[in-house]
Amino acid sequence: MKIDFSEHPHRRLNLLTGEWVLVSPHRAKRPWQGQMEETPQESRPDYDSACYLCPGNERAGGHHNPKYSGVFVFDNDFSALKLETPAAKYNKDNLLIASGEAGICRVICFSPRHDLTLPQMSVESIRNVVDVWTEQYDALGALPEINYVQIFENKGEMMGCSNPHPHGQIWAQNSIPVEPAKELQKMTEHYATHHRCLLCDYIQLEQNLQERTVLENENYLVVVPFWAVWPFETLVLSKRHYGNFREMKDPEKNSLADIIKQMTTRYDNLFRISFPYSAGFHQSPTDGGEHPEWHFHLHFYPPLLRSASVKKFMVGYEMLANPQRDITAEWSAERLRQLEDVHYWEK
């Protein structure tokens, strides 16, 4: 008997991590009686004298921001990593194991405007952010202590964002973190077996099927990945094979700014709110090695499920067994495809 993805419970394999997700599409038809949360108010001034990220203001750590007019980068005043950390090892009977982790954390303010998120910025302004991401990846990756550079953004209070001023972060560290390390292993295995890139093959398959594609431009494809865990999770894939910002061509930087604006606009239009998410680039390690297997990509992980007031939690079975979702990746892709590219605030 053939599996009906729209009706039958089934598991899907994440090609990038080797992990499974349980999909239970029949459960999406049940009535919702869970927690409902108020839709957050979105009115903010273009400058907030109490904001520690706005130009000219004092930060929480006591430093003062310059009166910046573009993208502003600074070392996090409360960094989770420190560059001078010794590479000491600790091992107690092979049961209690630890090691020092050197690194550096930075904050990137996307704009001096307190009230502008990425979908509300112009493509040209987002391109300026792309340029800074490139510079930071290059500069931090060149440090001998740094073997991986993680660029990411947490948007919205429910994603743990401590300040509404639009900003992202960079954590650069000595070791390759868990999630990129899983992807590195799977990409390496595929490349060794097939002498081809894993994500290049996946892109070709998704373009042929056109079942989970949300949008695309000349240089990037956006899909709800077949193995998506979060309800409206998306994966932004470069059509050309390259590993990191340093290898990106100028037109591809313009296209990346364009696709980010388009995708974040659709997110906002989905429930007509400033849509929360965690997003981040996965790039090749900066460990000095060659990484022909690595393919540049961007993950969007948004938590909202049925409306602006209903979010997905990882609880119970998902914490103790493996991730599970009700709505299928194909349904989510179709829902996102139908949305307009014009931000609802502009109408």
Side-chain angles (χ1 to χ4, degrees), residues 16-17 52-53 59-61 63 65 71-88 98-111 117-118 126 129-185 187 230 233 235-236 243-248 256 260 264 276-289 291 294-303:
L16 284 172
T17 65
Y52 56 82
L53 295 181
R59 297 205 300 272
H63 300 284
N65 299 324
V71 185
F72 173 50
V73 183
F74 63 91
D75 287 353
N76 195 317
D77 298 318
F78 303 96
S79 178
L81 295 163
K82 295 183 178 181
L83 204 56
E84 64 274 13
T85 301
S99 63
E101 182 70 7
I104 185 169
C105 298
R106 288 178 176 167
V107 176
I108 302 179
C109 295
F110 299 148
S111 164
T117 58
L118 285 173
I126 299 174
V129 178
V130 172
D131 287 339
V132 172
W133 284 333
T134 303
E135 294 165 2
Q136 291 295 313
Y137 174 84
D138 213 22
L140 291 171
L143 297 174
E145 303 91 343
I146 301 303
N147 291 314
Y148 195 81
V149 179
Q150 181 61 65
I151 298 172
F152 65 98
E153 179 195 6
N154 293 324
K155 183 188 175 192
E157 290 183 7
M158 71 172 63
M159 300 309 291
C161 184
S162 59
N163 188 308
H165 191 112
H167 68 284
Q169 298 185 57
I170 305 176
W171 290 22
Q173 62 191 94
N174 182 255
S175 66
I176 300 175
V178 172
E179 294 305 312
K182 293 176 189 174
E183 294 188 357
L184 177 60
Q185 179 180 346
M187 290 183 188
W230 297 96
E233 175 183 335
L235 184 61
V236 181
N244 55 64
F245 275 112
R246 187 190 304 124
E247 299 169 4
M248 194 182 297
L256 180 60
I260 288 173
T264 54
Y277 58 73
S278 282
F281 295 98
H282 277 169
Q283 306 181 72
S284 54
T286 59
D287 54 5
H291 289 284
W294 195 276
H295 193 106
F296 179 90
H297 59 283
L298 165 63
H299 293 277
F300 277 101
Y301 296 126

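For the single chain, residues carry numbers from 1 onward in sequence order.
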query: From Ile108 CD1 over to Phe152 CZ, what is the distance, rounded to the nearest 0.5 angstrom?
result: 10.0 Å
Exceeds 12 heavy-atom contacts within 6.0 angstrom, atom CH2 of Trp171: no
query: Which pair of heavy atoms, one from Phe74 and one from Cys109, lies closest together, and at what distance?
result: CE2-SG, 4.3 Å
task: Tell me, with the steps shown, if Val132 and Phe245 meet side-chain contact (heavy atoms from CB on, under 4.5 Å).
output: CA-CA 10 Å; Val132 172; Phe245 275 112; over 6 Å; no
task: Return the minimal non-hydrogen interatomic distance between Leu16 and His299, and the atom names on each side.
output: CD1-CE1, 4.2 Å
- request: Could you tell me the separation between the CG atom of Leu298 and the NE2 atom of His282, rounded to the nearest 0.5 Å?
  value: 9.5 Å
query: How many angstroms lie between atom CG of Leu83 and atom CG of Leu143, to the nearest 0.5 angstrom?
result: 6.0 Å
task: State, yes or no, whether a side-chain contact exists between Tyr52 and Asp77 at a heavy-atom distance under 4.5 Å.
output: no
- request: Taking atom types as modelled, find out whether His297 and Glu183 have a side-chain donor-acceptor pair closer than 3.5 angstrom.
  value: yes
Val73/Gln136 under side-chain contact (heavy atoms from CB on, under 4.5 Å): CA gap, chis, key distance, verdict: CA-CA 9 Å; Val73 183; Gln136 291 295 313; 3.9 Å; yes
statement: Separation between SG (Cys105) and CD (Gln173), nearest 0.5 Å, reads 8.0 Å
task: Given side-chain contact (heavy atoms from CB on, under 4.5 Å), test Phe296 with Glu247 step by step and report yes or no.
output: CA-CA 10 Å; Phe296 179 90; Glu247 299 169 4; over 6 Å; no
message: To the closest 0.5 Å, what do you measure between CD1 (Ile104) and CG (Asp75)?
response: 4.0 Å
message: Run the side-chain contact (heavy atoms from CB on, under 4.5 Å) test on Thr85 and Glu101 for me, step by step, so that the C-alpha distance in whole Å, both residues' side-chain angles and the decisive distance to 0.1 Å come before the verdict.
response: CA-CA 6 Å; Thr85 301; Glu101 182 70 7; 5.6 Å; no
- prompt: With ring centroids as reference points, do Phe281 and Tyr137 lie under 6.0 angstrom apart?
  reply: no
task: Would you please name every residue forming a ring-ring contact (aromatic ring centres under 6.0 Å, His included) with Tyr148, sequence neighbours left out?
output: none
- request: Any pair with a residue in residues 138-154 that passes salt bridge (charged side-chain N to carboxylate O under 4.0 Å, His left out), sequence neighbours left out, goes on the list, sorted by first then second residue, please.
  value: Asp138-Arg246
